[in-house]
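Note that these values count all heavy atoms, side chains included, but never hydrogens, waters or copies made by symmetry.
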Amino acid sequence: MSENEHSRVDRSTLVARLKSEPLWDLAVIGGGATGLGVAVDAALRGLKVVLLEADDFAKGSSSRATKLLHGGVRYLAMGQLSLVREALHERAVILGNAPSISRPLSFVMPAYRWWEPFALGLGLRFYEQLAGRHSLGATNRLSRKQLLAALPQVKAEGLKGGVRYWDAQFDDAKLAIALARSASRLGALTLNHFRVDSFVQQGGRVTGLRGTDTETGAPCEVQARCIVNAAGVWVDDLRQQAAGPAGTPPRLKVSQGSHVVIDRDFWPSDEALLLPRTRDGRVLFAVPWQGKVILGTTEQPLEDRPTEPRPMAEEIDFILSEVGRYLVRPPTRADIRSAWAGLRPLVQPSAAAGGTARISREHAVWTDPSGLVCVAGGKWTTYRAMARDVLAHCIAEDRIPPGRDWRVERSTEHLPLERDDNLLRTGIPGADRLIAEGLSEQRVRFAVRHEFARKVEDVLARRSRLLFLDARAARAVAPAVADLLHAEGILQTGLEDFMAISEGYLP
């Protein structure tokens, strides 16, 4: 059997396997970065693992990042050295394991006060030193003349110089799909579009879950020795379900980060721009990505947790205003190709001070009285470390089956992740028929057959990134994508849902 035949996804087979397994070692709820990382780690150790995602893999926060792999320059300023050092190590791991969807990227930080090049340079050199042998390049102070020669798009008035340093960039949704495929290859059952509705309990402890295949409406009950709640910003919702009438105090605060996307002619450089000081005390980025430029992000506290967050008008105005202070040609609303928002699950400290920008991205793992193992917080860069901590927690609490030594960690540090096969060798038709730039009929069919895509949104938002890059272009080709899904045997393509959702991406 060829590799492509072996990796072909048949949903009916996946659902049949879910129903036939009497007892799983580990059930993971949530198909974002954390849940997928847990599934890969657990499957590599030989555990019987099922992962269930209510919508699509990386549908939520995990496809809406700023596309940066970083140690966290801001956390360095907050004195969180261990968090920065761990993230710099994990940055190197991702670059090594997923080279086709991640790459080093240089950043330039302009300075408009005489002392800033020296102060910023000192801090960023320390950042480079923390990376040690995983450093991606030297940190250099730039004179005014050097910076303008390299980046003539930056405003010259008042410019004193700047600093260049190195971090990395990736495609968040593609890394999520690579993790889903890797977990599947290792023996895990990864199933998207399967909603968890309630929990099965015995003696006040969760022993299983009840869910619904949202594609067919068919219910299914799943039994598991250990259930991991990795639902991102919805972690507290599942905790309340498991706790029942007794309830449980919330552990998370939620903030929204919004981005806008503009054409490369505003920032034609291959380097990213870091704006060191916004009006609310944050940093802002202009990042070249897939032929466009991402501008962001914001930090807006939220009380609710919508499944389709939308950038607020004031967030878009804030981003454009702040970027406009630094660019010779400031972008306007008319220049926006797509605008999107993601929600961040921030672990609430016992005595939080200030807004969500002051809460660490560091993650937490704990077990509720219901027996539900929960994980929250963190960021994409440290997804693997989070997964390792979840497994260590489960082992420490004897939540794994007896009889085998699951404590022997089979490290994911040097585990190459599944990536797109050479499409020209797949034998899938349609390579010469383009639907949009960079998206062929063959690519859509591959997404269905090998990457778990079931809806128009799955294809245009996460297998292709067209919705995030140009919302109008994505809406224009959505009917053609729906036709291809029909041709691949998918009856409910979600075209109408996509057209409604994509309106939120329009400026």
Worksheet item: When you check the side-chain N and O atoms of Arg251 and Gln348, is any donor under 3.5 Å from an acceptor?
Response: no
Response to the item:
Residues Ala39 and Ala188: closest non-hydrogen pair is O-CB, 4.5 Å
Item to complete: Tell me, please, which residues at least two apart from Phe452 pass ring pair (Phe, Tyr, Trp, His ring centres under 6.0 Å).
Response: Phe57
Worksheet entry | Arg264: side chain to side chain donor-acceptor pair (under 3.5 Å) partners, not counting sequence neighbours | Asp270
Discussion item. Once rounded to the nearest 0.5 Å, what's the spacing between atom CZ of Arg465 and atom CZ of Arg463?
Written reply: 10.0 Å
Worksheet item: When rounded to the nearest 0.5 angstrom, what is the spacing between CZ in Arg210 and CD in Gln241?
Response: 11.0 Å
Worksheet item: Between the main-chain N or O of Thr248 and the side-chain N or O of Gln240, is there a donor-acceptor pair closer than 3.5 Å?
Response: yes
Discussion item. Looking at Asp470 and Arg472, is there a salt bridge between them, counting it only when a charged N and a carboxylate O are closer than 4.0 Å?
Written reply: no
Worksheet item: Are side-chain N/O atoms of Arg11 and Thr216 paired as donor and acceptor at under 3.5 Å?
Response: no
Practice prompt. Specify the closest pair of heavy atoms between Pro110 and Val154, including all atoms of both residues, with the distance to one decimal.
Written response: CB-CG1, 4.3 Å
Discussion item. Please check: side-chain N/O of Gln300 versus main-chain N/O of Ser258, any donor-acceptor pairing under 3.5 Å?
Written reply: no
Worksheet item: ring-ring contact (aromatic ring centres under 6.0 Å, His included): which pairs involve residues 242-287, sequence neighbours left out?
Response: Phe107-Phe285, His259-Trp340
Worksheet entry | Residues Glu53, Lys59: salt bridge by 4.0 Å N-O rule | no
Item to complete: Check whether the side chains of Asp197 and Thr212 place a donor and an acceptor atom closer than 3.5 Å, and report yes or no.
Response: yes
Worksheet entry | Exercise: do Glu90 and Thr381 side chains pair donor with acceptor under 3.5 Å | no
Fill in: Note: Arg64-Glu308 ion pair, threshold 4.0 Å (strictly below)
yes
Worksheet item: Any ion pair linking Asp41 and Arg384 (charged N to carboxylate O, less than 4.0 Å)?
Response: no
Item to complete: Give, for atom CE of Met499 and atom CZ of Arg475, the distance between the pair rounded to the nearest 0.5 Å.
Response: 4.0 Å
Worksheet item: Side chain of Ser102, backbone of Ala98: donor and acceptor closer than 3.5 Å?
Response: yes
Worksheet item: Where the side chain of Ser62 meets the backbone of Ala33, is there a donor-acceptor pair that is under 3.5 Å apart?
Response: yes
Fill in: Minimum heavy-atom distance between Ala385 and His363, given as atom pair plus value
O-NE2, 4.5 Å
Worksheet entry | Test item: Thr307 and Trp234 side chains (from C-beta on) under 4.5 Å apart, heavy atoms | yes
Fill in: Check: His450 main-chain N/O paired with Arg181 side-chain donor or acceptor under 3.5 Å
yes
Practice prompt. Under the side chain to side chain contact (heavy atoms under 4.5 Å, CB included) rule, what do Glu488 and Arg445 come out as? Steps first, then yes or no, please.
Written response: CA-CA 7 Å; Glu488 289 292 311; Arg445 294 180 186 274; 2.6 Å; yes
Fill in: Heavy-atom side-chain contact between Arg454 and Ile490 under 4.5 Å
yes
Item to complete: Would you mind reporting whether Leu327 and Leu273 have side-chain heavy atoms less than 4.5 Å apart?
Response: yes
Worksheet item: Does the distance from a Lys or Arg side-chain N to an Asp or Glu carboxylate O, for Arg305 and Asp236, drop under 4.0 Å?
Response: no
Worksheet item: Between Glu322 and Thr278, does any side-chain donor sit less than 3.5 Å from a side-chain acceptor?
Response: no
Response to the item:
Looking only at heavy atoms, the pair that brings Leu189 and Leu14 closest together is CD1-CD2, 3.5 Å
Item to complete: Give a yes or no on whether the backbone of Glu271 and the side-chain of Ser269 come within a donor-acceptor separation of less than 3.5 Å.
Response: yes
Worksheet item: Can a donor-acceptor pair be found between the side chains of Gln256 and Glu315 at a distance below 3.5 Å?
Response: yes
Worksheet item: Hey, mind stepping through Leu252 and Val233 against side chain to side chain contact (heavy atoms under 4.5 Å, CB included) and telling me if it holds?
Response: CA-CA 7 Å; Leu252 303 184; Val233 296; 5.5 Å; no
Practice prompt. Hey, could you give me the CG/NE2 distance between Leu191 and His193, rounded to the nearest 0.5 Å?
Written response: 9.5 Å
Discussion item. Ignoring hydrogens, what is the shortest heavy-atom contact between Ala230 and Val235? Give both atom names and the distance.
Written reply: C-CG2, 4.5 Å
Worksheet item: Is any side-chain heavy atom of Met109 closer than 4.5 Å to a side-chain heavy atom of Leu124?
Response: yes
Worksheet item: Run the side chain to side chain contact (heavy atoms under 4.5 Å, CB included) check on Arg282 and Thr297 step by step: do they pass?
Response: CA-CA 9 Å; Arg282 291 177 51 78; Thr297 180; 3.6 Å; yes
Worksheet entry | Any Leu238 side-chain heavy atom under 4.5 Å of Phe199 side chain | yes
Fill in: Ser255 and Glu299: side chain donor to acceptor below 3.5 Å
yes
Worksheet entry | Note, Val481 side chain near Phe498 side chain (heavy atom, < 4.5 Å) | no
Item to complete: Quick one: do Arg462 and Ser63 satisfy side-chain hydrogen bond (donor to acceptor under 3.5 Å, both in side chains)? Show the steps, please.
Response: CA-CA 7 Å; Arg462 289 170 291 278; Ser63 63; 4.6 Å; no
Practice prompt. With sequence neighbours left out, write down each residue that passes ring pair (Phe, Tyr, Trp, His ring centres under 6.0 Å) with His393, or none if nothing qualifies.
Written response: none
Worksheet item: Closest heavy-atom contact between Leu417 and Ala178?
Response: CB-CB, 4.2 Å
Discussion item. In the structure I gave you, are the side-chain heavy atoms of Leu469 and Arg337 within less than 4.5 Å of one another anywhere?
Written reply: no
Worksheet item: Is there a side-chain contact between Asp56 and Glu457 (heavy atoms, below 4.5 Å)?
Response: no
Worksheet item: At what distance, to the nearest 0.5 angstrom, does CG of Leu209 lie from CD1 of Ile29?
Response: 5.5 Å
Worksheet item: Nearest 0.5 Å, what's the CZ-CG distance between Arg279 and Leu284?
Response: 10.5 Å
Practice prompt. Answer yes when Lys67 and Asp172 have at least one side-chain N-carboxylate O distance shorter than 4.0 Å, and no when they do not.
Written response: yes
Fill in: N/O donor-acceptor pair under 3.5 Å between Tyr127 side chain and Val84 backbone
no
Discussion item. Any side-chain to backbone donor/acceptor pair from Gln492 onto Glu215? Under 3.5 Å, distance only.
Written reply: yes
Discussion item. Quick test of your reading: applying ring-ring contact (aromatic ring centres under 6.0 Å, His included), list the pairs with at least one residue in residues 470-493, sequence neighbours left out, ordered by first then second residue.
Written reply: none
Discussion item. Quick test of your reading: applying ring-ring contact (aromatic ring centres under 6.0 Å, His included), list the pairs with at least one residue in residues 289-327, sequence neighbours left out, ordered by first then second residue.
Written reply: Tyr112-Tyr326
Discussion item. Quick one: does any side-chain atom of Gln201 pair with a main-chain N or O of Ala242 as donor and acceptor, under 3.5 Å?
Written reply: yes
Worksheet item: Does Asp55 pair with Lys455 as a salt bridge, N-O distance under 4.0 Å?
Response: no
Discussion item. Within a 6.0 Å radius of atom CD on Glu496, are there more than 12 heavy atoms belonging to other residues, nucleotides or ligands?
Written reply: no
Worksheet item: Checking side-chain contact (heavy atoms from CB on, under 4.5 Å) against Leu320, which of Asp335, Ile336, Thr332 comes through?
Response: Ile336
